[in-house]
Engineer: 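Before anything else, here's the structure in question.
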Amino acid sequence: RATQLDVVGRAVGSQAGRVTFEVPRRRGRAVVGRGSVATRRGPNHEEFSRFDHFDVEVVTLDAIVAAAGLDRVDVVKADIEGMEAAMLDGAGETLRRFSPTWLLEIEYRHLSKFGRSPAEVFETLLRRGYTCSVYSRGRWEPTVGPVPGVRNYLFTPDRTGTAVADHCLTRDRSEEGPRTRACSGPRPPTTGRPGGRGLASGRLRHRPRGGRDGSAAAVTVDHRALL
């Protein structure tokens, strides 16, 4: 049993409330990996015709951190099928107090279900002094916007991030929709190889303050945690 793991069966969004969570079915079986907040559009409704629905409480990330009594948040990992922008909207205090590293799945096809875009996610974090990297060909490469074929992005707090944002945040349209476009401004540094402690996958997760073992205080938000 994981004694340092708490599972919170709630959705994370911009404000408290309730939503319908839907899980598609294929050949009579639930496709748990595609569960998300219910919408009437998007890739799930293009691919599936049957769904199970659940009424779910919504809380903010700030509320989760406060309820857990965390005095440290080092890493937030989120894969929540398009709710990443809404999660950041409800994480202002967490950003202000802790400036955690963020590992986020960012896809236009999912964000657009809720009228949001990858550009909003990048702008929120880059303007707060973050830099962004993607893992490619065995190393971390810097970027200031979505990269074709890439879904997972690592945002790390760095003072150079504000300069990058000021020089490089522009609007662009592609077949993936509105996005942030890279430019020839200052480039953020690489962040090293993956595999550091606290980046393990899981559910809504936090670790207490780390000790000599170097453990990290981490929160993982996963759309499969509700099931």
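Quick caveat, the model's predicted, so the values are computed rather than measured. All residue numbers refer to positions in the sequence shown, counting from 1.
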Engineer: Would you say L125 ends up clustered with V150 if hydrophobic residues are merged whenever their side chains have heavy atoms under 4.5 Å apart, either directly or through other cluster members?
Structural biologist: yes
Engineer: Please report, to 0.1 Å, the donor-acceptor pairs under 3.5 Å made by any side chain of residues 17-25, with sequence neighbours excluded.
Structural biologist:
{"unit_1": "R18", "atom_1": "NE", "unit_2": "D55", "atom_2": "OD2", "d": "2.7"}
{"unit_1": "R18", "atom_1": "NH2", "unit_2": "D55", "atom_2": "OD2", "d": "2.9"}
{"unit_1": "E22", "atom_1": "OE1", "unit_2": "H45", "atom_2": "NE2", "d": "3.4"}
{"unit_1": "E22", "atom_1": "OE2", "unit_2": "H45", "atom_2": "NE2", "d": "3.1"}
{"unit_1": "R25", "atom_1": "NH1", "unit_2": "D52", "atom_2": "OD2", "d": "2.5"}
{"unit_1": "R25", "atom_1": "NH2", "unit_2": "G28", "atom_2": "O", "d": "2.3"}

Engineer: Is the shortest heavy-atom distance from the side chain of P100 to the side chain of W102 under 4.5 Å?
Structural biologist: yes
Engineer: With the side chain counted from C-beta on, respond yes when V59 and V8 share a heavy-atom pair under 4.5 Å apart, and no when they do not.
Structural biologist: no
Engineer: Does E84 use its side chain to pair, donor to acceptor, with the backbone of G82 at less than 3.5 Å?
Structural biologist: yes
Engineer: Check whether any side-chain heavy atom of F155 lies under 4.5 Å from a side-chain heavy atom of L104, and answer yes or no.
Structural biologist: yes
Engineer: Any side-chain donor-acceptor pair under 3.5 Å between T101 and T156?
Structural biologist: no
Engineer: To the closest 0.5 Å, what do you measure between CD1 (I106) and OG (S117)?
Structural biologist: 10.0 Å
Engineer: Just say parallel, tilted or perpendicular for the rings of F48 and F51, cut-offs at 30° and 60°.
Structural biologist: perpendicular
Engineer: Please find the pair of heavy atoms, one from V58 and one from V12, that lie closest to each other, and give the distance.
Structural biologist: CG1-C, 4.2 Å
Engineer: Of the non-hydrogen atoms in E81 and F114, which two are nearest, and what is the gap between them?
Structural biologist: O-CE1, 3.6 Å
Engineer: Verify, without hydrogens or angle tests, whether Y130 (side chain) and F122 (backbone) share a donor-acceptor contact under 3.5 angstrom.
Structural biologist: no
Engineer: Rounded to the nearest 0.5 Å, how far apart are CZ of R151 and CD of E107?
Structural biologist: 5.0 Å
Engineer: Just so I know, are the side chains of P118 and L111 near enough to count as touching, which here means a heavy-atom distance under 4.5 Å?
Structural biologist: yes
Engineer: Examine distances only and state if a side-chain atom of Y153 and a backbone atom of V147 form a donor-acceptor pair shorter than 3.5 Å.
Structural biologist: yes
Engineer: Between side-chain atoms of residues 85-98 and protein atoms elsewhere (two or more places apart, or another chain), which donor-acceptor pairs fall under 3.5 Å?
Structural biologist:
{"unit_1": "D89", "atom_1": "OD2", "unit_2": "R116", "atom_2": "NH1", "d": "3.0"}
{"unit_1": "D89", "atom_1": "OD2", "unit_2": "R116", "atom_2": "NH2", "d": "3.1"}
{"unit_1": "E93", "atom_1": "OE1", "unit_2": "R96", "atom_2": "NE", "d": "3.2"}
{"unit_1": "E93", "atom_1": "OE2", "unit_2": "R96", "atom_2": "NH2", "d": "2.5"}
{"unit_1": "T94", "atom_1": "OG1", "unit_2": "D62", "atom_2": "OD1", "d": "2.7"}

Engineer: Using every non-hydrogen atom in the two residues, find where K113 and S36 come nearest and quote the distance to one decimal.
Structural biologist: NZ-OG, 3.5 Å
